[in-house]
Amino acid sequence: MLLKISWKNILNKKLNSFLCVLLMTLGIAIISLLLLLGKQLQDKFAKNISGIDMVVGAKGSPLQLILSSVYQIDNPTGNVFLSDVQEIAQNPLVKEMIPLSMGDNYQSYRIVGTNKKYFEHFKAQFATGVMFKQDLEAVLGAQVALNTGLKVGDTFSSSHGLDAEGEVHGETKYKVAGVLEFNNSVIDNLVLTSLNSVWNIHEHKEAEHTEEEHKAHEAEEADMPKREITSALIKFRSPMGLMSMPRNINQNSKLQAALPSIEVNRLFELLGIGIDGLQILAAVIILISGISVFVSLYNSLKERKYEMALMLSMGASRTRLFLMLLLEGVLLALFGFVAGVVLSRVGIVLISNQLNKKFHFDVNQMNLQTGEIYLFVGALAIGILAAALPSINIYRLNISRTLAEE
Amino acid sequence: MLTVSDLTFSYNNQKKFSFPSFSCAERETLLILGNSGTGKTTFLHLLALLLQPESGSIQINNQEFAHLSPREATKMRAIHLGIIYQKSHFVSSLSVLDNLLLANYLADKNQSKEQAIKLAKSLGFYELLDKKTTLLSGGEQQRVSIARALMNNPEVILADEPTSNLDDENCEKVINLLENQSKNIGASLVIVTHDQRLKDKFSNKIILN
């Protein structure tokens, strides 16, 4: 019955209740969304980073190098000679060097030239088909296969650059050798092929260039073995490598060495400022929702003073009525919370679609976060507090006078 | 059987009330008449256990009620008394039916829908049970408050100016209903009013001045 009265009271003041719930919903949704996004981004970033101690590539922004080589989102910093990188890989501290060569795409999915170690690094499993063996054979990440509809045995032409609008290398076609299973890492969104394939495609392409360019190119042809790659992922044998190698490379070579862990931390610090700001905004909105519950109850209690005195005279204890009023605040907070969490999930789906289109970056975790449990407790506390402040007057209500006055 | 003797009460030192003694048997009606300022409402609130008298006694079926703690008074009021207030107030968010059932609920009794329907039928507002109380007319509201006072089958029914806002026709109707219903459940009925229209209807009366 108490619950019924609370519920009916909420329905009775639809606009007021709607406002309270709306504000609560917005606040909760924003915080919840930030929690989800933050967690998933961190998960993704952490997963892709695991095991990669250092990235070497052309000089430029270290963050850009990390983003392009580890996460495949930014543009590469430029090309470096494979021989230079191999020299570094000779260092006894280096356990493994995975070369990466990019520059082409298929329907905006990056084509990355690499070797078997890259697959091993991600522990990628084949869903169908096999590893590329010859030039111009390619292996598709699961997401690529899903979205492009390519199957083993199909052929496709790559386009130059990293955007889908690039010039098409029409005359040479890749053949799909295998498709990977979902790995929940960047590899899902890549087309992988051998380094040779990438080199070959561009030689073919350069063959059609104008003569002047061709002449310039011939000079390069002289030192043919100086193959270029975009960057290389390095794993160290021991943490000792972290101490000495990056500085050495940055100071004494044309290459740049960047440490993913440091750059990602830096990135999150930058993002963190924005996230913190938004979280404060959301907290303020939740607080305003609490105030609006307070104002709404305070006003309605003035109107309902006689009603309360009446119920007290009919046998209700003050505590019972107090709890009934609390229940109104709690119900409003509860609705706000549930609606907020649902809204944040809708937001995640929308954002995920956007990210997927732009960066092939998929966020889809829907589980309740631990942060949201704190959020739930917080929302409830605000609801209770906002309802308790005006309702405490019920303990001071003079039944006889109130009934006599009106 | 309601027996009241030598009740006194004061809000402050200047204004002291002392009220006449009376007794009212089951199925009987007592009219307490008085003009404004004679302490009618105070008297009623004393009888309703909403105020505590300085001295005197209130007995219902030989049980003393005058000096209970507020908590006990609330409980006894809910069980033994049915009160009809001057202005009909309800829990505005609830329907007529729920307002009736609320009387059961707040007195910690089983919610008797049959009782509510029976009362609504005999008081003639059965078709209004699902409506909000704010949509009812003054006479309809008054009949619903009578029904609410009867929900817990009290031994004593107290009515504060039950007819002051009603026209002659409705006044007649409401008083008859009150009397009949009180007789039906075997309760004593005490009506506190300044309404002179009621003066000649009852033989058993006290005049405050």
Side-chain angles (χ1 to χ4, degrees), chain A residues 1-18 20 293 296-297 299-329 331-332 387 391 394-406, chain B residues 9 11 39-52 70-95 97-111 132-134 145 148-149 151-152 154 158 160-161 192:
Chain A
M1 193 81 178
L2 279 189
L3 188 70
K4 188 172 184 177
I5 299 176
S6 298
W7 174 237
K8 290 274 164 102
N9 273 324
I10 289 173
L11 285 187
N12 222 20
K13 323 166 273 172
K14 283 194 191 68
L15 274 181
N16 269 332
S17 308
F18 175 70
C20 300
V293 170
S296 157
L297 262 181
N299 281 336
S300 82
L301 275 185
K302 271 199 294 192
E303 290 161 23
R304 282 156 62 193
K305 201 173 156 195
Y306 194 100
E307 207 171 295
M308 293 299 143
L310 185 81
M311 286 168 80
L312 285 172
S313 83
M314 282 163 69
S317 73
R318 289 174 195 263
T319 306
R320 211 157 164 190
L321 291 191
F322 182 69
L323 287 179
M324 181 188 90
L325 295 173
L326 278 198
L327 208 56
E328 283 182 37
L331 281 177
L332 289 175
S391 308
I394 202 102
Y395 286 100
R396 293 203 291 264
L397 190 70
N398 183 327
I399 310 176
S400 167
R401 188 172 301 158
T402 310
L403 289 175
E405 267 168 9
E406 282 186 52
Chain B
F9 182 82
Y11 288 102
K40 277 193 321 275
T41 301
T42 306
F43 198 18
L44 184 103
H45 281 190
L46 285 173
L47 297 178
L49 313 178
L50 290 166
L51 293 173
Q52 202 165 37
R71 187 182 291 266
E72 286 170 316
T74 301
K75 203 173 163 207
M76 291 302 133
R77 186 189 317 121
I79 297 172
H80 298 286
L81 300 175
I83 308 170
I84 298 150
Y85 295 99
Q86 179 171 0
K87 252 176 101 183
S88 311
H89 274 275
F90 303 96
V91 176
S92 54
S93 55
L94 294 181
S95 67
L97 177 64
D98 284 333
N99 264 290
L100 295 181
L101 294 177
L102 187 67
N104 286 152
Y105 172 75
L106 292 178
D108 289 323
K109 291 190 174 174
N110 285 335
Q111 294 174 33
K132 285 269 172 71
T133 54
T134 43
S145 10
R148 183 174 59 192
M151 277 301 284
N152 289 325
L158 302 171
D160 186 8
E161 304 275 15
V192 179

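The model shown is predicted, which means the values in this text are computed figures rather than measured ones. All chains are named by letter (A, B, ...) in the order of the sequence lines, taking the proteins before the strands, and each is independently numbered beginning at 1.
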Practice item. Against chain A, label B:Tyr85 side chain, backbone, both or neither, depending on which of its atoms sit under 4.5 Å from a heavy atom there. Key: side chain
Study note, to complete from the structure: Turns out that what part of A:Ile10 lies under 4.5 Å from chain B's heavy atoms comes down to neither
Review point. Chain A heavy atoms under 4.5 Å from B:Leu102: which part of the residue, side chain, backbone, both or neither?
Key: both
Review point. Between B:Thr74 and A:Ala316, what is the shortest heavy-atom contact and its length?
Key: CG2-O, 4.0 Å
Check your understanding: Would one find more than 12 heavy atoms of other residues, nucleotides or ligands at under 6.0 Å from atom OH of B:Tyr11?
Key -> yes
Exercise for review: Starting at CG of A:Leu310, measure out to CG of B:Leu106 and round the result to the nearest 0.5 Å.
Suggested key: 9.0 Å
Point to revise | Per-residue contact mode, A:Arg318 against chain B (heavy atom under 4.5 angstrom) | key: neither
Point to revise | B:Arg71 versus chain A, the contacting section by heavy-atom distance below 4.5 Å | key: neither
Study note, to complete from the structure: Between A:Gly315 and B:Ala78 the two heavy atoms that sit nearest each other are CA-CB, 3.8 Å
Study note, to complete from the structure: One should read off an interatomic distance between B:Leu51 CG and A:Arg401 CZ, to the nearest 0.5 angstrom, of 9.5 Å
Study note, to complete from the structure: The interface call for A:Met311 against chain B, heavy-atom contacts under 4.5 Å, is both
Exercise for review: Looking only at non-hydrogen atoms, find the nearest pair between B:Ser93 and A:Asn9 and report the distance.
Suggested key: OG-OD1, 2.8 Å
Practice item. May I ask you to check whether over 12 heavy atoms, not counting those of A:Leu15, lie within 6.0 Å of atom CG? Key: no
Practice item. Please state whether the side chain, the backbone, both or neither of B:Ser95 comes within less than 4.5 Å of a heavy atom of chain A. Key: neither
Check your understanding: Could you walk me through whether B:Tyr105 and A:Lys4 pass the side chain to side chain contact (heavy atoms under 4.5 Å, CB included) check?
Key -> CA-CA 12 Å; B:Tyr105 172 75; A:Lys4 188 172 184 177; over 6 Å; no
**Study point:** Largest heavy-atom contact set with chain A, pairs under 4.5 Å, which of B:Thr41, B:Leu94, B:Asn152
**Key:** B:Leu94
Review point. Picking from A:Ile5, A:Asn398, A:Ile399, which has the most non-hydrogen pairs under 4.5 angstrom with chain B?
Key: A:Ile5
Practice item. Give, as side chain, backbone, both or neither, the part of A:Ser313 having an atom under 4.5 angstrom from any heavy atom of chain B. Key: both
Review point. Could you give the distance from CG (B:Leu44) to OG (A:Ser400), rounded to the nearest 0.5 Å?
Key: 9.5 Å
Practice item. Apply the test side chain to side chain contact (heavy atoms under 4.5 Å, CB included) to residues B:Lys132 and A:Asn12: give CA-CA distance (whole Å), side-chain angles for both, the deciding distance (0.1 Å), then the verdict. Key: CA-CA 11 Å; B:Lys132 285 269 172 71; A:Asn12 222 20; 3.4 Å; yes
